[in-house]
Amino acid sequence: MSIDLESLTLIQLTPAHETACRDFMQEFLAAGETHYGWLNEYLEFRSFREFLDFIDTCARGKYKPEIYVPQTTFFLSEPQGRLLGITRLRHHLNPSLEIEGGHIGYAVRPSARRQGCATRQLSLMLERARAIGLARVLVTCDDDNTGSARTIEKNGGVLEDLRLSPESGKWVKRYWIALE
Ligand SMILES: CC(C)(COP(=O)(O)OP(=O)(O)OC[C@H]1O[C@@H](n2cnc3c(N)ncnc32)[C@H](O)[C@@H]1OP(=O)(O)O)[C@@H](O)C(=O)NCCC(=O)NCCS
């Protein structure tokens, strides 16, 4: 069944989303996409409640503040409750995020890809970024991640440069999106 992009919204998890969230995470595991930080964090916790607490701690900037800036986690949701994407808004940059990571990170569940979800999700996140007072956001992707680069470009991203990631050794495209 096709996805009605206009009906999708960003939500923050509550205990009521446990089943939907487990279903969402399971799809990444089944696809062997286990390299995402947020998936590992999810797997680390024994209970969903602990995962929710972790998300809240991150949003308040209390999780390893010497390394991580405050970041709010949202999920892209269908009206019926199926979760299609995960995305994080970092409230400001640090030297590491300036090179790679930027203000907004995201992923779409494998079965929902190539249908416009990432484009819609990022456009909704730009509203959230504006709401916390950002005038422009940095969004980055690996040089070979065509889908992510197109998602950024379709949301008005202007390529500033490419930098070499100290983490992966790969070239990273750095785009700015103006919000005003
Ligand atoms: C990258 C990702 C978020 C794209 O999600 P998506 O929902 O498939 O993206 P959309 O459907 O909105 O597509 C956006 C554009 O990218 C293109 N695109 C998407 N995936 C693509 C791919 N694998 N190869 C080439 N182009 C691709 C689409 O065709 C579309 O461009 P168009 O309108 O010019 O045709 C998704 O593949 C994903 O979650 N990947 C793993 C996590 C990841 O890489 N996150 C980004 C880290 S920077």
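Everything numeric here is computed off the predicted structure, so don't read it as measured data. Every heavy atom of this structure was used, including side-chain atoms; hydrogens, water molecules and symmetry mates were not.
The pair Lys64-Glu41 does not meet the salt-bridge criterion, since no charged nitrogen lies less than 4.0 angstrom from a carboxylate oxygen. With salt bridges taken as basic N to acidic carboxylate O contacts below 4.0 Å, none links Arg49 and Glu18. With respect to the salt-bridge test (charged N to carboxylate O, under 4.0 angstrom), the residues Glu127 and Arg130 do not qualify.
The side-chain hydrogen bond (donor to acceptor under 3.5 Å, both in side chains) search around Arg163 returns Asp161, not counting sequence neighbours. Partners of Ser111 under the side-chain contact (heavy atoms from CB on, under 4.5 Å) rule, at least two apart in sequence or in another chain, are Glu27, Arg82, Arg109. For Phe48, the ring pair (Phe, Tyr, Trp, His ring centres under 6.0 Å) criterion is met by no residue, not counting sequence neighbours.
Under a 3.5 Å cut-off, the side chain of Asp142 and the backbone N or O of Asp144 do not form any donor-acceptor pair. One N or O on the side chain of Ser7 and one on the backbone of Asp4 form a donor-acceptor pair closer than 3.5 Å. Although no hydrogens or angles enter the test, the distance criterion places a donor-acceptor pair under 3.5 Å between the side chain of Asn155 and the main chain of Thr119.
Side-chain heavy atoms closer than 4.5 Å link hydrophobic residues (I, L, V, M, F, W, Y) into clusters, and following such links, possibly through other members, connects Phe75 to Phe54.
Side-chain contact between Leu138 and Leu97 is absent, with no heavy-atom pair separated by less than 4.5 Å. With contacts defined as side-chain heavy-atom distances shorter than 4.5 Å, the pair Leu10/Leu76 qualifies.
The aromatic rings of Tyr68 and Tyr63 lie parallel to each other, with less than 30° between the two planes, well short of the 60° mark.
In this model, no donor atom of one side chain and acceptor atom of the other lie less than 3.5 Å apart for Gln121 and Thr87.
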